[in-house]
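Shown next, in structure tokens, is the structure this report addresses.
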Amino acid sequence: MRHLLFTFFTLCAAVASAMTAADAFTTAPAKVFPLLDHNTRLDMVDYFKSGLSTPSANLMQGSSVITDLTPTSVKVKLTDSSTAQMVVLPVGSDTVIALISTVATPGLDSTISFFNSKWEPVDAARYFAKPEWKDWVNPGTSVEEVTMQTPFMLASYDYTPADGTLTLTNNLAKFLDPDVYEMISGSLRGQLVYAWNGKKFVKR
């Protein structure tokens, strides 16, 4: 009985001390958010939780603001042309933190990086396999025909806390000449969706 009680209270303590997205955002080292110092990030969380859309000054003489905050995800508009989303992901008894960075090129383009709970960078491939051209091209279409028109993909990433999915959206239409995009648009998928399975993101 004592053993069961000990296990129960241990689990309760673990849940109570679990890292939230707000925790991750405010405790991240300066190299993760070089535009926002620690106190500014604390203010930003307080503003959002108070229902205020008050922007905060960043270190580039611009303004930044939190646009969405849940227990597992925080979205931040860093500048007029860049955003970030920080996601807290459970991996067994530990936590992995994903950082999605998005810039306008002008088509939105994202990258994703990962950290452990001690803020040590970890190999992104361990948790997410970046899609190749073959993943974006519809069945029956030649990858070479598509890459002759565009050498790279522009895709924005967005994590949905409600169902644990990571959606990648094709944004080439915002970058390529309209006539060029029309030539290849029928050969490309508009989105790719991945789901967190407790260990990594897997394609649906």
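Every heavy atom of this structure was used, including side-chain atoms; hydrogens, water molecules and symmetry mates were not. Computed from a predicted model, the values in this text were never measured in an experiment.
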Point to revise | Enclosure of Gln149 CD (heavy-atom neighbours >12, cutoff 6.0 Å) | key: yes
Review point. Among the clusters formed by ILVMFWY side chains lying less than 4.5 Å apart, do Leu154 and Ile100 turn up in the same one?
Key: yes
Practice item. Would you check if the side chain of His38 reaches a backbone N or O of Thr26 as a donor-acceptor pair within less than 3.5 Å? Key: yes
Exercise for review: Tell me, yes or no, whether the heavy-atom count around Arg126 atom CZ, taken from other residues, nucleotides or ligands under 6.0 Å, exceeds 12.
Suggested key: no
Practice item. Mind checking the CG-OG spacing from Leu35 to Ser64? Nearest 0.5 Å is all I need. Key: 6.0 Å
Revision key, fill the gap. Here the pair of heavy atoms bringing Trp133 nearest to Val146 is CZ3-CG1, 3.8 Å
Point to revise | Residue pair Asn170 / Trp136: nearest heavy atoms and the distance that separates them | key: CB-CZ3, 3.8 Å
Exercise for review: Using atom types as modelled and distance alone, determine if a side-chain donor or acceptor of Asp109 lies under 3.5 Å from a backbone N or O of Ala155.
Suggested key: yes
Review point. Taking it one step at a time, do Thr83 and Lys75 satisfy side-chain contact (heavy atoms from CB on, under 4.5 Å)?
Key: CA-CA 7 Å; Thr83 62; Lys75 291 184 177 181; over 6 Å; no
Practice item. Taking the side chain as every heavy atom from C-beta outward, state whether Leu176 and Ile184 have any atom pair closer than 4.5 Å. Key: yes
Practice item. Report whether Trp119 and Ile112 are members of the same hydrophobic cluster (ILVMFWY, side-chain heavy atoms less than 4.5 Å apart, transitive linking). Key: no
Review point. Are Leu59 and Leu42 connected in the hydrophobic side-chain network, where two residues link if heavy atoms are under 4.5 Å apart?
Key: no
Check your understanding: Do you know which of Tyr194, Trp196, Tyr157 makes ring-ring contact (aromatic ring centres under 6.0 Å, His included) with Phe201?
Key -> Trp196
Practice item. Taking all heavy atoms of Ser156 and all of Thr102, pick out the closest pair and write down the distance. Key: CB-CG2, 4.5 Å
Practice item. To the nearest 0.5 Å, tell me how far Leu89 CG sits from Phe114 CZ. Key: 7.0 Å
Point to revise | Side chain Arg41, main chain Phe25, donor-acceptor under 3.5 Å | key: yes
Review point. Between Ser73 and Thr70, is a side-chain hydrogen bond (donor to acceptor under 3.5 Å, both in side chains) present by the stated rule, with each step listed?
Key: CA-CA 5 Å; Ser73 169; Thr70 74; 4.7 Å; no
Check your understanding: So, Ser50 side chain and Leu52 main chain: donor-acceptor pair closer than 3.5 Å or not?
Key -> no
Review point. So how far is it from Leu188 CG to Tyr181 OH, rounded to the nearest 0.5 Å?
Key: 6.0 Å
Study note, to complete from the structure: Smallest heavy-atom separation, Pro161 atom then Thr72 atom, equals CB-OG1, 3.5 Å
Revision key, fill the gap. Taking every heavy atom of Phe128 against every heavy atom of Leu168, the minimum-distance pair comes out as CZ-CD2, 4.0 Å
Exercise for review: Using a 4.5 Å cut-off on heavy atoms from C-beta on, say whether the side chain of Val45 contacts that of Ile66.
Suggested key: yes
Review point. Do Thr40 and Asp43 meet the criterion of a side-chain donor-acceptor pair at a distance under 3.5 Å?
Key: no
Review point. Can you find a heavy atom in the side chain of Asp158 that is under 4.5 Å from one in the side chain of Gln85?
Key: yes
Check your understanding: Are Val87 and Val122 linked, directly or through other ILVMFWY residues, by side chains that come within less than 4.5 angstrom of each other?
Key -> yes
Review point. Same cluster or not: are Val32 and Tyr127 linked, directly or through other Ile, Leu, Val, Met, Phe, Trp or Tyr residues, by side-chain heavy atoms under 4.5 angstrom apart?
Key: no
Review point. Between Pro106 and Lys174, what is the shortest heavy-atom contact and its length?
Key: CG-O, 3.6 Å
Practice item. Assess whether atom CG of Asn138 is packed by more than 12 heavy atoms of other residues, nucleotides or ligands within 6.0 Å. Key: yes
**Study point:** Asp94 (side chain) donor-acceptor with Ser117 (main chain) under 3.5 angstrom
**Key:** no
Practice item. Please round to the nearest 0.5 Å and tell me the distance separating atom CD1 of Ile97 and atom CG of Leu99. Key: 9.5 Å
Review point. Can you tell if the side chain of Leu78 reaches within under 4.5 Å of the side chain of Leu36, non-hydrogen atoms only?
Key: yes
Review point. Do Glu132 and Val143 touch side chain to side chain, with heavy atoms closer than 4.5 Å?
Key: no
Review point. For the atom pair NZ (Lys77) and CG (Asn58), what is the distance rounded to the nearest 0.5 Å?
Key: 11.0 Å
Check your understanding: Is a donor on one side and an acceptor on the other found under 3.5 Å between the side chain of Thr79 and the backbone of Ser82?
Key -> yes
Exercise for review: Hey, could you give me the OG1/CG distance between Thr150 and Asp177, rounded to the nearest 0.5 Å?
Suggested key: 12.0 Å
